[in-house]
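Written out below as structure tokens is the structure these notes cover.
We count ligands from 1, going down the list as the structure has it; atoms in each ligand are counted the same way. Remember, predicted model here, so these are calculated numbers, not experimental data.
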Amino acid sequence: MKLKLEDFDKGTQECIRCRNCTIGAQVPGVPAVEVCPFHKYHNNNRVYSAQSFWQTTKSLLLGDISLSPLFTDLLFQCTTCGSCVEHCVFHLMQNPYVDSVKLVEYLRSEMVKKGFGVPIHLKFGEHIEKEHNPYMELHQNRWDWLPFKKEKLPKTAEYVFFVGCTSSYRQKQIAKATVNILEKLGLDYTVMCRPGMDEWCCGSPLQRTGQEDKAKTVAEHNLEAIKKTGAKKVITSCSGCYKMISKDYKELYDLDYDFEIVQSVQFLLDLVKKGELEFANPVNMKVTYHDPCHLGRHMGVFEAPRELLKSIPGIELVEMERNREYAWCCGAGGGVRAAYPDITMFASTNRIKEAEDTGADALVSACPFCWRGLHDAIEEKGSKLEIFDVVELVEKAMKNRS
Ligand code: SF4
Ligand code: SF4
């Protein structure tokens, strides 16, 4: 459904400038934790906040201002993490109008239409059109991580593993671990790697940065390609792909499909529950889990990764202070890592400190893009924490003892 500025009018009236979306703490039952990474980065300056998105929208609706490059830093430094939405009084009262992430994505698309997009976002947008990934890589190299020749994979299968650009080109160890698990379980799966049936970027980097028309084009391609495989279930590695295909393809682009979509942790936990996945090796490690915004807050998947981790013998799971719907964002999403790397580093080092405070040996997440942002911060800080995706620990626990 195409949104219009007027769709946000009710939200502008209902925002009471309470600042829960920045400093939190004022709603009974909601923990008093810091909420917004870009607000905190700007020393709690309220100009940089979800509240400010609503005030800006009010002025736009009144015709007092119009969008211009002056708004770039306000609108494009938000990681679209959704923490402000979770803390907003009116959202908590189930008012669908008060969704700051929908609003900021809408305002970004208006900025792009007016020619005020962020150059680096537009550059990866052009590259996605040409080579179907935002990493300036060649499409033909998308499957280089496969541990065998891609021709070995069947054209049709019960399951499709939708790898995503980050696991395909950067955090390849997550893609490999997933395929190794699927192989070991002997499942009927494939990866979309043939001409006309090839995986493209899911479109999330485009949608998050105001390039929704390009995002819709890749969505249509991907759905067509998935249909050709005849898959009943699509498994994603990336939490961003999971949210994009499950929610945005349907809600934002009115696209329909009849397969089921799950993130790796949900898929694997289901197998554990059915007794079809058992672990041969203990993984003796104290870990803490970072909720990816797109899996947790945006899709409500909080318990599956935790249950899966706890099912691995030897794992001790401890929680960070900010967890589940109140988790602190890794700072990489919403196009921020590409355009404002200092904000990403600020948010991710903040998260690493919180993980260290738990006394865990390792930080675990369920998203290659979070892995990337958090890993950079571990290096920057010289932290002793190890970092894993949940599937990497599952693979370790499945390996035969040598
Ligand atoms: S989505 Fe996240 S970064 Fe953006 S305003 Fe809300 S809390 Fe801040
Ligand atoms: S929490 Fe909601 S109502 Fe309060 S200032 Fe933020 S957007 Fe407005």
Side-chain angles (χ1 to χ4, degrees), residues 8-59 71-108 111 118 204 207-210 239-240 243 290-299 322 324-337 339-348 350-351 369-370 373:
F8 298 100
D9 187 27
K10 197 152 186 279
T12 65
Q13 294 164 31
E14 296 202 340
C15 170
I16 54 167
R17 306 186 197 191
C18 63
R19 301 196 75 199
N20 279 327
C21 52
T22 54
I23 52 175
Q26 296 178 50
V27 184
V30 175
V33 292
E34 279 167 342
V35 175
C36 173
F38 95 114
H39 179 72
K40 171 93 175 149
Y41 174 82
H42 288 288
N43 295 316
N44 299 334
N45 180 341
R46 71 168 74 196
V47 167
Y48 300 96
S49 68
Q51 178 191 331
S52 199
F53 303 155
W54 292 102
Q55 299 310 310
T56 303
T57 304
K58 192 171 199 169
S59 301
F71 293 98
T72 302
D73 282 353
L74 166 65
L75 298 176
F76 287 91
Q77 290 188 348
C78 155
T79 64
T80 65
C81 71
S83 178
C84 53
V85 179
E86 210 59 55
H87 286 80
C88 173
V89 200
F90 289 101
H91 186 78
L92 291 167
M93 288 161 69
Q94 306 297 318
N95 183 338
Y97 293 95
V98 185
D99 185 327
S100 306
V101 173
K102 278 192 189 135
L103 175 61
V104 77
E105 285 187 10
Y106 167 78
L107 292 173
R108 287 176 179 188
M111 288 283 278
V118 174
S204 179
Q207 176 60 37
R208 312 279 88 86
T209 59
S239 291
K243 189 236 174 178
H290 167 77
D291 291 273
C293 302
H294 283 114
L295 187 64
R297 269 189 289 271
H298 288 286
M299 295 301 296
R322 293 171 293 186
R324 296 179 171 83
E325 60 267 56
Y326 306 117
W328 181 253
C329 168
C330 76
V336 172
R337 188 174 187 276
Y340 303 99
D342 290 355
I343 297 180
T344 302
M345 189 54 80
F346 170 80
S348 51
N350 192 302
R351 192 60 165 162
F369 205 57
C370 292

| From K102, R108, Q207, residue fulfilling side chain to side chain contact (heavy atoms under 4.5 Å, CB included) relative to T80 | R108
| query | Aromatic rings F53 and F38: how do their planes relate, parallel, tilted or perpendicular, breaks at 30° and 60°? | reply | parallel
| C329 near ligand 1, heavy-atom distance under 4.0 Å? | no
| Atom-level proximity to ligand 2, residues with heavy atom under 4.0 Å | C15, I16, R17, C18, R19, N20, C21, Q51, W54, C88, F90
| Any side-chain heavy atom of S100 within less than 4.5 Å of one from V85? | yes
| message | With a 4.5 Å cut-off on side-chain heavy atoms, are H39 and Q51 touching? | response | no
| field | Pair S83-W328, side-chain donor/acceptor within less than 3.5 Å | value | no
| NZ/NE/NH1/NH2 to OD/OE distance under 4.0 Å, E86 and R297 | no
| message | I need the contact type for V104 against ligand 1. Using non-hydrogen atoms and a strict under-4.0 Å cut-off, is it side chain, backbone, both or neither? | response | neither
| Can you list the atoms of ligand 1 that are under 4.0 Å from a heavy atom of P37? | 3 (S)
| Where T22 and S49 come nearest, the two heavy atoms and their spacing | CG2-CB, 3.3 Å
